[in-house]
Amino acid sequence: MKIEQLFGVKGLATLVTGGASGIGFACAEAMSDNSARVTIADANSETMKEAVAKLQARGGDVRGVELNVTDRAAVRRVVDDTAAHYGRLDVVFANAGISGGPGFLNTDRTRNPDRMLENIPDELVDRLIEVNYKGIFTTIQAAARHMRAQRSGRIIVTSTISTFHAEIFVGAPYVISKAGLMQMMRQAAIELAGYNVQVNAMAPGPFVTNIGGGRLQDPAARSFFDKLSPSHRIGRPEDIQGLALFLASPASSHITGAQIVIDGGATLGMAD
Ligand SMILES: NC(=O)c1ccc[n+]([C@@H]2O[C@H](COP(=O)([O-])OP(=O)(O)OC[C@H]3O[C@@H](n4cnc5c(N)ncnc54)[C@H](O)[C@@H]3O)[C@@H](O)[C@H]2O)c1
């Protein structure tokens with residue numbers, strides 16, 4: 001098969017939650033630049049409009065919708081509207097997520113009392129579970145309704161390497177909110193496999209995005225995390241694009257229930 005067919009996403013009806021920024025925008029961009037039809041759904045209407053305009057200016061068939069994934073009825077409505085708009089639903093990136101703040105260790109290896117387990121506010125834990133855990137599950141549920149019926153589709157969850165190991169520089173609320181995503185993805189994958197619907201996850205290591213107030217965009221913070229990586233650099237949003245296209249295209253037609261790590265080797269440990 002020619003590479004254009006193998007990795008082709010032309011015309012695919014695609015929805016990206018949290019698609020206005022960072023990893024979600026990079027997925028939307030990769031799909032749009034390769035002629036998929038893309039709906040960007042994001043809680044931030046300003047950045048959503050900017051993202052849509054940016055891709056439209058490059059000729060993309062892109063639309064935007066304001067969506068907070070913690071509103072279950074709204075998620076279902078947006079997924080239903082997207083499927084109705086395109087007449088089908090081929091690819092859903094369940095991506096929207098937020099940070100729970102830094103971990104219990106500061107980067108100078110001192111302990112941060114505010115980030116100790118017993119001092120983490122209930123509201124923060126609840127918010128992280130609402131967005132990162134329930135928001136992804138509701139998105140998968142809403143997508144499944146359409147994809148099962150049409151007997152095709154791809155659901156791609158943005159997970160994290162924090163599902164594999166405990167974190168010292170990443171807050172506990174984030175880690176626990178993401179921990180269940182691998183099993184959520186696998187459970188959806190086994191149930192939907194017989195309907196030709198594939199469900200997989202991308203598990204990024206640290207990427208420079210706007211998450212956590214853009215913490216990793218600060219050169220000092222980035223350089224600290226760059227040095228922890230065997231590749232001597234953390235991820236940039238465009239690093240996700242090959243994996244996004246792979247999981248959305250025929251190239252991954254026999255892959256389901258997989259969580260693919262994309263971290264420049266960070267989970268291998270430090271090399272020097
Ligand atoms: N950046 C990293 O280091 C990293 C690493 C692993 C996993 N991730 C995951 O990648 C995903 C994308 O994060 P990012 O790093 O690109 O961050 P980002 O902040 O750059 O982008 C996240 C987008 O999601 C939107 N969003 C936030 N809450 C929302 C909600 N309730 N409903 C709808 N949209 C919402 C934001 O407005 C934003 O546009 C998240 O699930 C995150 O946990 C990020």
Side-chain angles (χ1 to χ4, degrees), residues 15-29 39-52 54 64-72 74-75 78-79 92-103 126-139 142 156-165 167 169-171 173-182 184-185 201-218 221-222 224-226 228-229 233-241 243-244 259-264 266-267:
L15 174 68
V16 187
T17 69
S21 171
I23 289 169
F25 179 73
C27 294
E29 182 181 50
T39 296
I40 290 176
D42 202 287
N44 186 328
S45 63
E46 290 307 309
T47 53
M48 177 270 287
K49 284 177 195 152
E50 286 166 21
V52 169
K54 192 170 171 186
V65 56
E66 187 176 342
L67 171 69
N68 189 327
V69 295
T70 64
D71 181 342
R72 287 184 165 119
V75 172
V78 164
V79 171
V92 170
F93 288 90
N95 167 79
I98 53 172
S99 160
D126 291 347
R127 184 148 40 90
L128 270 282
I129 297 285
E130 287 294 324
V131 178
N132 291 356
Y133 186 78
K134 293 185 188 173
I136 296 274
F137 187 61
T138 309
T139 306
I156 302 164
V157 173
T158 306
S159 172
T160 162
I161 58 169
S162 304
T163 62
F164 296 113
H165 60 197
E167 295 281 4
F169 300 122
V170 177
Y174 181 81
V175 179
I176 62 168
S177 72
K178 288 275 184 179
L181 290 189
M182 178 142 80
M184 186 191 293
M185 173 277 291
M202 309 186 289
F207 267 58
V208 183
T209 68
N210 290 313
I211 200 163
R215 173 190 182 204
L216 291 177
Q217 291 186 9
D218 169 53
R222 185 164 54 200
F224 175 81
F225 287 100
D226 280 344
L228 295 181
S229 164
R233 74 166 182 87
I234 59 174
R236 298 176 294 245
E238 57 269 29
D239 288 319
I240 208 82
Q241 293 184 322
L243 179 56
Q259 174 158 280
I260 300 179
V261 170
I262 175 159
D263 70 347
T267 43

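Throughout, residue positions are numbered sequentially from 1 according to the sequence presented. All ligand and atom numbering here is 1-based and tracks the order in the structure.
- Within the set Ala74, Gly135, Pro204, Gly18, the minimum heavy-atom distance to atom 23 (C) of ligand 1 is found for Gly18.
- The two residues Val75 and Asn68 come nearest to each other via the heavy atoms CG2-O, 4.3 Å.
- Shown here for Gly64 and Met48, the closest heavy-atom pair between the two residues is CA-SD, 3.5 Å.
- Residue Asp42 places at least one N or O, backbone or side chain, under 3.5 Å from an N or O of ligand 1.
- Only the side chain of Lys178 comes within 4.0 Å of ligand 1, counting heavy atoms alone; its backbone N, CA, C and O stay farther away.
- Ligand 1 has no N or O atom lying under 3.5 Å from any N or O atom of Leu216, backbone or side chain.
- Between Asp239 and Arg233 a salt bridge is recorded (basic side-chain N to carboxylate O distance below 4.0 Å).
- Taking only nitrogen or oxygen atoms, main chain and side chain alike, Ala43 reaches within less than 3.5 Å of ligand 1.
- Taking every non-hydrogen atom of Asn44 and a distance limit under 4.0 Å, the qualifying atoms of ligand 1 come out as 37 (O).
- Of the heavy atoms in Asn95, both backbone and side-chain atoms come closer than 4.0 Å to ligand 1.
- Ligand 1 lies within reach of Val131, whose nearest heavy atom is under 4.0 Å from it.
- Looking only at atom types and distance, the side chain of Thr70 has no donor-acceptor partner in the side chain of Glu130 under 3.5 Å away.
- Across Gly97 and Val131, no two heavy atoms sit closer than the pair CA-CG1, 4.0 Å.
- At a 4.0 Å heavy-atom cut-off, ligand 1 touches Ile211 through backbone and side chain alike.
- The closest side-chain donor-acceptor pair between Glu66 and Asn44, if any, does not fall under 3.5 angstrom.
- Only the side chain of Tyr174 comes within 4.0 Å of ligand 1, judged by heavy-atom distances.
- By the criterion of a heavy-atom distance under 4.0 Å, neither the backbone nor the side chain of Pro237 is placed next to ligand 1.
- When only non-hydrogen protein atoms are considered, atom 10 (O) of ligand 1 lies nearest to Thr158 CG2, 3.2 Å.
- In the vicinity of Pro206, heavy-atom distances shorter than 4.0 Å reach the ligand 1 atoms 3 (O).
- Contact atoms of ligand 1 toward Ser159: 6 (C), 7 (C) (distance under 4.0 Å to a heavy atom of the residue).
- Ligand 1 places these atoms under 4.0 Å from at least one heavy atom of Leu67: 32 (N), 33 (C), 34 (N).
- Applying the ring pair (Phe, Tyr, Trp, His ring centres under 6.0 Å) criterion to Phe164, with sequence neighbours excluded, gives no partner residue.
- The main-chain N or O of Thr17 is found under 3.5 Å from a side-chain atom of Asn95 such that the two form a donor-acceptor pair.
- The side-chain heavy atoms of Phe25 and Thr47, taken from C-beta on, include no pair separated by under 4.5 Å.
- Atom CZ of Phe169 has more than 12 heavy atoms from other residues, nucleotides or ligands within 6.0 Å.
- Scanning all heavy atoms of the two residues, the minimum distance from Ile161 to Pro206 falls at CD1-CD, 4.3 Å.
- For Thr47, no nitrogen or oxygen atom sits less than 3.5 Å from a nitrogen or oxygen atom of ligand 1, counting backbone and side chain alike.
- Two residues are said to be in side-chain contact when any heavy atoms from C-beta on lie closer than 4.5 Å; Ile260 and Ile262 fail this criterion.
- At the top of the distance list for atom 15 (O) of ligand 1, counting protein heavy atoms only, stands Thr209 OG1, 2.6 Å.
- Inclusion of Val69 in the set of residues having an N or O under 3.5 Å from an N or O of ligand 1 is warranted.
- At least one side-chain heavy atom of Thr160 sits less than 4.5 Å from a side-chain heavy atom of Thr163.
- What sits closest to atom 22 (C) of ligand 1 on the protein, heavy atoms only, is Gly97 O, 4.0 Å.
- The two residues Gly100 and Tyr174 make their nearest non-hydrogen contact at N-CB, 3.9 Å.
- Taking only nitrogen or oxygen atoms, main chain and side chain alike, Ile23 reaches within less than 3.5 Å of ligand 1.
- A donor-acceptor distance shorter than 3.5 angstrom exists from the side chain of Lys178 to the backbone of Thr158, with no hydrogens or angles considered.
- Nearest protein heavy-atom contact of atom 18 (P) of ligand 1 is Ser21 OG, 3.5 Å.
- The two atoms that bring Ile98 and Leu128 nearest to each other are O-CD1, 3.4 Å, heavy atoms only.
- Atom 2 (C) of ligand 1 has as its closest protein heavy atom Phe207 N, 3.5 Å.
- Taking a cut-off of under 4.0 Å to the non-hydrogen atoms of Ala96, the atoms of ligand 1 that pass are 33 (C), 34 (N), 35 (C), 41 (O).
- Of all protein heavy atoms, the one lying nearest to atom 31 (N) of ligand 1 is Asn68 OD1, 2.9 Å.
- In the candidate list Ser162, Gly205, Gly213, Gly22, Gly205 is nearest to atom 4 (C) of ligand 1, counting heavy atoms.
- Close approach of ligand 1 to Thr160 is summarised as follows: ligand atoms under 4.0 Å from at least one heavy atom of the residue are 6 (C), 7 (C).
- Looking only at heavy atoms of the protein, atom 27 (C) of ligand 1 is closest to Ile98 CG2, 3.7 Å.
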